[in-house]
Number of protein chains: 2
Amino acid sequence: MIHEPRYDCAIDAAMSVIEGRWKTVILCKLYRHGGPIRYNQLMGQIEGISPRIFTLQLKEMERDGIIVRKVRSTKPKYVEYCLSERGLSLLPILKSLADWGLKNMFSNMVEFNEDISVPSKEELKESGLC
Amino acid sequence: MIHEPRYDCAIDAAMSVIEGRWKTVILCKLYRHGGPIRYNQLMGQIEGISPRIFTLQLKEMERDGIIVRKVRSTKPKYVEYCLSERGLSLLPILKSLADWGLKNMFSNMVEFNEDISVPSKEELKESGLC
DNA sequence: CCGTATCCCAGCAGATACTG
DNA sequence: CAGTATCTGCTGGGATACGG
């Protein structure tokens, strides 16, 4: 197995599930969308991601049981992704992280680096998680 | 600046602070130790880390304001590290992550991979975060 | 429509030796 | 005591083109 997890610690176990350039974003999008969503539709909502990486992240998340992949055998077939129960149970924690980040990181940047374009606090709060 | 953060999202901001092979471990150790702790003493508690990486992680965490570095100008000088207020405010979230990991990841592994040596649930619970 | 295949690269991480 | 210096390797991520 290539993926040799560092499961010596419960936090590392959890971190290994949400680490990955796009995973939290994907979780947010899935949550905010509500129901099942198709591959291309989901990818379209994530600016800057390439199909290879997108698929990779999805595969890992599916393996970790936080999302569910369903194939609809219509013609042509299509695929839907949604949060699993386990994935949903992560969202309160992600929300805490977002709150913490908003409070502790963005405030600094806005204060000291006004030239950096960063969403305003209001915009971020309004938009929820992401 | 080499470190070009992906601060387009509050979660990413928070993740960028705790991502890093040893950061959560270091935070746990600092928390569990309680007060200021010296460089070598802290490193000694983290099995498998090299001084270069250790220093790197500490520097980033200091830059992000979650730990504090104090130089004591005795002879010879020594250095102490401790959690900042901001760092301390992360710990409830890390605790949630640990609980989640314990519940959702270890249970599987114990069930399906009994040959993999993993701390028992009791051991993990007893030891707190890490 | 939903992905693979191929190629590429930067950056993180590790080992080890050394220093103010 | 608390770090640097140096070298080296791996893996995660990216661009693009193609396939069932």
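Quick caveat: nothing in here was measured; it's all calculated off a predicted structure. Quick note on labels: first sequence line is chain A, next is B, and so on, each numbered from 1. Because only heavy atoms are used, hydrogens play no part in the values below, and waters and symmetry mates are left out as well, while side chains stay in.
In this model, no side-chain donor or acceptor of B:Arg52 finds a partner on the base of D:dA5 within 3.5 Å.
Atom pair A:Glu47:CD and D:dG13:P shows a separation of 19 Å (rounding to whole Å applied). Residue A:Leu58 contributes atom CG, which lies 10 Å from atom P of C:dT4 at whole-angstrom precision. The CD atom of A:Glu19 sits 13 Å away from the P atom of C:dC12 (whole-angstrom rounding). Rounded to whole angstrom, the span from the CD atom of A:Glu60 across to the P atom of C:dG3 amounts to 15 Å. Atom NZ in B:Lys75 sits roughly 22 Å away from atom P in C:dG20 (whole-Å rounding). A:Lys70 has its NZ atom 14 Å from the P atom of C:dC2, to the nearest Å. Note: CD1 (B:Ile37) to C1' (D:dC1) measures 14 Å, nearest angstrom. Between B:Leu56 atom CG and C:dA13 atom C1' the separation is 9 Å, expressed in whole Å.
In this structure, of C:dG14, C:dC2, D:dG14, it is C:dG14 that holds the atom nearest to the side chain of B:Arg21. The side chain of B:Asn40 lies closest to D:dA2 when the candidates are D:dA2, D:dA15, C:dG14. Out of D:dA5, D:dT16, C:dC2, the shortest distance to the side chain of A:Tyr39 is found at C:dC2.
Within 4.0 Å (heavy atoms only), B:Arg72 reaches no atom of the nucleic acid at all. In this structure, A:Lys59 reaches the sugar-phosphate backbone alone: every heavy-atom distance under 4.0 Å involves primed, P, OP1 or OP2 atoms, never a base. Within the 4.0 angstrom heavy-atom criterion, only backbone atoms of the sugar-phosphate kind lie near B:Gln57; the bases stay farther away. Among the atoms of the strands shown, only primed sugar atoms or phosphate atoms (P, OP1, OP2) are found under 4.0 Å from some heavy atom of B:Arg38. Note on B:Tyr78: only backbone sugar-phosphate atoms sit closer than 4.0 angstrom, heavy atoms only; bases stay farther off.
Phosphate contact (OP1/OP2 of D:dG3, side-chain N/O of B:Tyr81, threshold under 4.0 Å): present.
Mapping B:Lys77 and A:Ile49 onto DNA chain D by nearest heavy atom places B:Lys77 at the nucleotide closer to the 5' end. Mapping A:Met43 and B:Ile53 onto DNA chain C via the closest heavy atom, the residue that lands nearer the 5' end is A:Met43.
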query = Could you walk me through whether A:Lys23 and A:Glu60 pass the salt bridge (charged side-chain N to carboxylate O under 4.0 Å, His left out) check?
reply = CA-CA 9 Å; A:Lys23 287 187 186 172; A:Glu60 288 181 14; 2.6 Å; yes
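In the hydrophobic cluster analysis, where Ile, Leu, Val, Met, Phe, Trp and Tyr join through side-chain heavy atoms closer than 4.5 angstrom, A:Leu88 is grouped apart from A:Val68.
Proximity of a side-chain donor or acceptor of B:Arg86 to a complementary backbone N or O of B:Asp64 within less than 3.5 Å is detected.
Distance check, rounded to the nearest 0.5 Å: CZ of B:Arg38 to NE2 of B:His33 gives 11.0 Å.
For the pair A:Val71 and A:Tyr78, the minimum side-chain heavy-atom distance is 4.5 Å or more.
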